[in-house]
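Basis for what follows: all heavy atoms, side chains included, without hydrogens, waters or symmetry-related copies. So you know, we letter chains A, B, ... as the sequences are listed, proteins then strands, and number each from 1.
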Protein chains: 2
Amino acid sequence: MDKKYTIKDIAQMAGVSKGTVDRVLHNRGKVSPAALEKINEVLNVIDYEPNLIARNLKSTKVYRICVLLPDPVFDPYWLPCVNGIQDAIKEFKAYNVNIEIHYFNPESTKSFLKTNEAIVAQSPDAVLLTPLFHKETLEIIKQYDELGIMVNTFNNQVESSSIKSFVGQDLYKSGRVAASLMNLILPKGQIAIIHIDESLKNAVHMQEKERGFRSYFDEKNLSDFSLTTLKLKYSNIETKLTSFLNENPDLSGVFITTSKAYQIASSLSNITDKKIVLIGYDLIDKNVSYLNQGLVHFLIHQNQKRQAYLGVSTLADHFLFRKDIPETILLPIDIINVENASFYIS
Amino acid sequence: MDKKYTIKDIAQMAGVSKGTVDRVLHNRGKVSPAALEKINEVLNVIDYEPNLIARNLKSTKVYRICVLLPDPVFDPYWLPCVNGIQDAIKEFKAYNVNIEIHYFNPESTKSFLKTNEAIVAQSPDAVLLTPLFHKETLEIIKQYDELGIMVNTFNNQVESSSIKSFVGQDLYKSGRVAASLMNLILPKGQIAIIHIDESLKNAVHMQEKERGFRSYFDEKNLSDFSLTTLKLKYSNIETKLTSFLNENPDLSGVFITTSKAYQIASSLSNITDKKIVLIGYDLIDKNVSYLNQGLVHFLIHQNQKRQAYLGVSTLADHFLFRKDIPETILLPIDIINVENASFYIS
DNA sequence: CATAAAAATGTGCTCGAACACATATTTTTT
DNA sequence: AAAAAATATGTGTTCGAGCACATTTTTATG
């Protein structure tokens, strides 16, 4: 009923040779109208799907995919990505797909550019990159485009017609999710939106989250709340927080737009005994630890591991099995509290 | 550097024929100690991984997997499972894995048994089943075991040494998650735990959720809350709810242990204008609709689609690529509110 | 030491798609 | 109508693992 037909079967049914069938299937021409019709008749009746296994066995081509990733040494945020890529490496190793990770220093555009050069020199079939630096990314994408190297991106969205795909999250909506949770816990009061170590590279990131967060309160017309934005640097967190708390004794909630919620939790517990609601991002160890202590109320999971995995696996599936690469993959915005956190930590 | 070695390569390096290498790799014996050592030396140096493509091309065996699923006609809860299975069917079609869905009436043990007979008659290589009926499941599993048919389960956990794997959720913990959300919204008050249409087949299910839910409040020693269990049938929801509400005017929260939150939401909106917090399960259309209206506050996503997909895909991966089948796969307990729901609906 | 038996080793075919190349058929040209 | 050119069609090989079977080498036995 659901038999798998082969080219040989089709050839036999149409009364021609497998070579001719192959030419029809691949539009290679050099086929007489008579033969074409006979073969098409057969193809219309049966449901032929080429055996992907055989096809891939024949092609000895080794596909090469490079991943450009910030070195987790500089920020543990990127650690899960490495795991995701390593899963992909394992999975596709048996299929002649070579996946290589190249690290760069997320604080240095120079490092970003230099690592890109190294990748270009390798001329892989495709690249998955973390486009932290907007301007530099655009330059580099042009280069890849000219060399016919396919480019996927993840984590940060960059608009460019040369980019084949983006895997990430809707940051605006994730800000809204955070706001809805905040609104659930707090009936009213002052809320601070804190950006830590805002540098060019993820300013857009944080702003989108803030925009979403604010939009929620704006829409609901919740006049019992007042929102204040606060930009902190790693070096001055505690002093700035202290003075902010002195000036704003009504502060009851904090939304941290980066993965550094643990820094705020730690500082706040030093400064005051007041119970302040904290909502932040990412399941890095220190954040989870404060979640378990009850000092962080919710974390939003950005699922970098899966982002990275999907970034390369869609490429590999494309090369191996000619699957379409979706233009955009938006991962769900997972809400994490102390009760369900363990299931998301891999 | 990361070259893929073939059996032929190994044979050449060890100075033997590929037949001998093959015998060593598969422990088929008939190899002299000298040859064995030479080959092992080579194997220790290089990192040989068989080409799965070639291996699967050779084997003409068609694997057959049957899925035993409650007919979504009787309960839309099961609809996502069908989609999950269909994804798997598409994915594994090219690999000579035949996956068939067999439906049964979830209200009828007879139907369950009859459909199982039909599957047994087909003697597939493996079965994924929804073990709704505990006693009948145990009987049937024995039968499969004798026939050497591998059995995986999902959604409901049944203890049996003959079951290879279970895909599902930790229901106790999901009850706790619901409780933590309820506690977040409500400072105090009376909470009802509602079981709808409790019949034997998922009594355990609901009880586990209730146990988890209660354990959370017990642990926290929250004496400002009082919990009441309420069992309803489809036919008497509105009348029973009305009288319950009259007797308990302080009711402020409801935890529904099944996917039928929409029925409670609908009835409550008829009965009273009071704002009662509702937390339930599953992203079926009607539930999401009430979520969007603000009448349901949270839904816990049981991700049946993925449960079903993983149930068969682990089997297929096992047959095709000799991957291990994990004894238990517990999916994360996704917290859904109106802001992030859209990302989970496929 | 010859011969049989046992053990070890090597050879060759298969799976299905893809493609190069050889052969057959038709069309064009002189 | 024969030769040349163009087009159509068929054949055979490759990819790597797996396994049946053929061949060689070693060991046992009279």
List, one per line, each side-chain donor-acceptor pair under 3.5 Å for residues 138-149 of chain B, sequence neighbours excluded.
unit_1, atom_1, unit_2, atom_2, d
B/Y144, OH, B/N116, OD1, 2.5
B/D145, OD2, B/S162, OG, 3.3

For the pair made of [atom1] in [X] and [atom2] in [N], what is the distance, rounded to whole Å?
X	N	atom1	atom2	value
A/N96	D/dA17	CG	P	10 Å
B/F321	D/dG16	CZ	P	17 Å
B/Q12	C/dG10	CD	P	13 Å
A/K30	D/dA5	NZ	P	16 Å
A/Y95	D/dG16	OH	P	16 Å

**Request:** Compare all side-chain heavy atoms of A/L128 with those of A/V167 and state whether any distance is below 4.5 angstrom.
**Result:** no

**Request:** Taking the side chain as every heavy atom from C-beta outward, state whether B/Q86 and B/N83 have any pair of such atoms under 4.5 Å apart.
**Result:** yes

**Partners passing salt bridge (Lys or Arg N to Asp or Glu O under 4.0 Å) against A/D87 (at least two apart in sequence or in another chain)** = A/K305

**Request:** Answer yes or no: does a side-chain N or O of A/T20 lie under 4.0 Å from OP1 or OP2 of D/dG10?
**Result:** yes

**Prompt:** For D/dT26, does OP1 or OP2 lie under 4.0 Å from any side-chain N or O of B/S32?
**Reply:** no

**Item:** Within the 6.0 Å centroid threshold, strictly below: B/Y48 and B/Y5
**Value:** no

**Prompt:** Is there a donor on the side chain of B/R23 or the base of C/dG10 sitting less than 3.5 Å from an acceptor on the other?
**Reply:** yes

Between protein and nucleic acid, restricted to nucleotides 13-18 of chain C and to nitrogen or oxygen atoms under 3.5 Å apart, what atom pairs and distances do you find?
unit_1, atom_1, unit_2, atom_2, d
C/dG16, N2, A/A54, O, 3.3
C/dA17, OP1, A/Y48, OH, 2.7
C/dA17, OP1, A/N51, N, 3.2
C/dA17, OP2, A/I7, N, 2.7
C/dA18, OP1, A/R55, NE, 2.4
C/dA18, OP1, A/R55, NH2, 3.2
C/dA18, OP2, A/H26, NE2, 3.0
C/dA18, N6, A/K18, NZ, 2.6

**Request:** Look at the rings of B/W78 and B/F154 and say which category their plane angle falls in: under 30° parallel, 30 to 60° tilted, over 60° perpendicular.
**Result:** perpendicular

